[in-house]
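Numbered from 1 within each chain, the chains take letters A, B, ... in sequence-line order.
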Amino acid sequence: MIELFVEPLVSYGFVRTGLVAALIVGVVSAVLSCLLVVRHQALMGDAISHAVLLGVVLGYLALGRPGILPGALVIALLSGASMTYLERHTTIKLDAVMGIVFTFAFALGLAIISVVEPRGIDLFHVLFGNLLGVSAVDLTVTALSGALVLVVVIVGFRAFELWSFDPQMARAVGMRVTAFEYLFTGLLSATIVASLQAVGIVLVIAMLITPGAAALLLTSRLRSMMLLAVAIGLASSLSGFYASLHLDLASGPAIVIAVSLLFVVALVLAPLRRRRLAARARDRADDRAPVH
Amino acid sequence: MTALAARSTDAQAPGARGLAVRDLGVGYGAGDVVRCPRLDAAPGQLTALVGPNGGGKSTLLKGIVGLLTPSRGSVALDGAPIARQRPAVAFMPQRAQLDWDFPAQVRDVVAMGRYPHRRLRRRTAEDHAAVAAALEEVGLEDLAARPIRELSGGQQQRLLLARALAQRGRALLLDEPLDGVDVTSEEVILALLQRAARDGQVVLLVHHDLATVRRLADHVVVVSGSVVAAGPPARALSPGVIEQAYTGASRRVAGPAAPPGPSEQP
């Protein structure tokens, strides 16, 4: 056991760095996945993450390797903001807007890569993640953006809850809903950039949907949904990380397979939980019923 | 005396109480769907907005609440622009516009009514008391921990009303609060709205059932593209007004069709 799980951490710094990055991603993307799922915006994460390829390429061309994450963040914010803007100011709905913006940015990124062929970008790693290639700078960016997202969601929990359930009431009582939407897009961008190294562009979408969706099956409050999603995110990051280490898998697919298996577990448990709750409600009704 | 009274109804004097809408135009970007030259809802009265489907009553309510930005005109509450007192305005949306699979328990949703007072700060005893009182008023206190996805339609409406009551604002604006509810829930909701009015709140509701409105509203505003009539139910809901409002709207929706004749019979 120790040989399998502890020794690699003690012996190799890059393994430690990779594990920490995976855990941060597991927590942060799980929290955001809850908001995306309850707001029916699951594919927004997909869209922004694809657009990020353009940022990776441009950031690398401008500043070399250290430029990748800042470049990704800038393009994530720009694409997210332009999607929000186009949805608000045209008659085109969000799903179509997302399709237009992300395919364009993704195509532009691919085109530039095929022309310039930058030697420092391994397309496979950008797309599918490479936890063992996380540098100290990458880890700092991941940790900072992750912390930012967590603090904002925890401090603003009540606002996120109201805005997600009933944006009409939120607006009616004076919340600046438009500004809030841009803020949310910013958080999503930061999360995607934080996840880039661990699971890659293509698979980050799973981490931004599945933990929240699985947790929704088993909980009935937003707060407990978020806590359970975090547990699911952590479990899948941890197991995916070790699977990738020992079975020589790409880290992204390994983590995504783990989270998908946990979703299946939730799917199996959900009806059992429903039955238990129903039984408890019946008991309570019996208690209250008059005894003759 | 009568001259003074007449003048005071003309434009709301500063410090006047209640909701005063003047010359409002509301739509979805391409022109106004509804115009409202004038609408008054006094505290202490149950005011109902009625009119045909497509007549713009919900749109007007959304313009008043600020969900739609009016193209012109003003809305004042107690003599000051409503835009500066949003937390004092409780709004109850249509039930169908919410996602009832949202992970929340009954008490979580009622507690949202306290958001305007507390924002992100820790809730106080006053908040908890307001939530508990509202739950009790609508008769959902036994279901406080029930997931909202397990509620019936009538319970959902009562829950939304409890949230609006927990806000303890000066105005209560409701979009179809009686839509799809059972008789028991309807009685509970109406009694609470009347009590809120008696306690001095402005209560303005959109409703489509004229019989209920006749029975319970103190003041009725008939909306069909514009305000067609306003006054006590007996006057505002005269047969002439109803015919004008409802047939006018159906003609507008159907287009300039020929009057029904033998040729239309199958």
- Item | Side-chain heavy atoms of B:E150 within contact of A:R274, under 4.5 Å | no
- Message: Can you tell me which of A:M225, A:R223, A:H40, A:R39 forms the most heavy-atom pairs within a distance under 4.5 Å of chain B?
- Response: A:H40
- Most heavy-atom pairs under 4.5 Å with chain A, out of B:G66, B:A164, B:G113, B:A104, belong to B:A104
- Message: So for B:Q167, is it side chain, backbone, both, or neither that comes closer than 4.5 Å to the heavy atoms of chain A?
- Response: side chain
- Does A:F180 CZ have over 12 foreign heavy atoms under 6.0 Å away? yes
- Separation of A:M175 CE from B:R119 CZ (nearest 0.5 Å): 7.0 Å
- Item | Per-residue contact mode, B:R149 against chain A (heavy atom under 4.5 angstrom) | side chain
- Message: Ignoring hydrogens, what is the shortest heavy-atom contact between A:M169 and B:P116? Give both atom names and the distance.
- Response: CE-CD, 4.5 Å
- Distance in Å, B:I148 CD1 paired with A:F165 CZ, rounded so as to fall on 0.5 Å steps: 4.0 Å
- Task: Please report the closest heavy-atom contact between A:V38 and B:D99, naming both atoms and the distance.
- Result: O-OD2, 4.1 Å
- Query: Hey, which residues of residues 121-130 of chain B are touching chain A, say heavy atoms under 4.5 Å apart?
  - Reply: B:R121, B:R123
- Just wondering, more than 12 heavy atoms not from A:R176 lying within 6.0 Å of its CZ? no
- Which atom pair, heavy atoms only, marks the closest approach of B:M112 to A:E161? CE-CG, 3.8 Å
- Note on the structure: Counting heavy-atom pairs under 4.5 angstrom with chain B, the leader among A:G156, A:A170, A:S224, A:P167 is A:G156
- Any idea which heavy atoms bring A:L216 and B:D101 closest together, and the distance? CD1-O, 4.2 Å
- Query: Taking all atoms of both residues into account, what is the closest heavy-atom pair of A:A172 and B:R86, and its distance?
  - Reply: O-CD, 3.2 Å
- Summary of side chain to side chain donor-acceptor pair (under 3.5 Å) pairs that have at least one residue in residues 164-174 of chain A, sequence neighbours excluded: A:D166-B:R163, A:Q168-B:Q97
- Query: Relative to chain A, which segment of B:I82 carries a heavy atom at a distance below 4.5 Å: side chain, backbone, both, or neither?
  - Reply: neither
- Message: Taking CZ in A:F104 as the centre, count heavy atoms belonging to other residues, nucleotides or ligands within less than 6.0 Å. Is the count above 12?
- Response: no
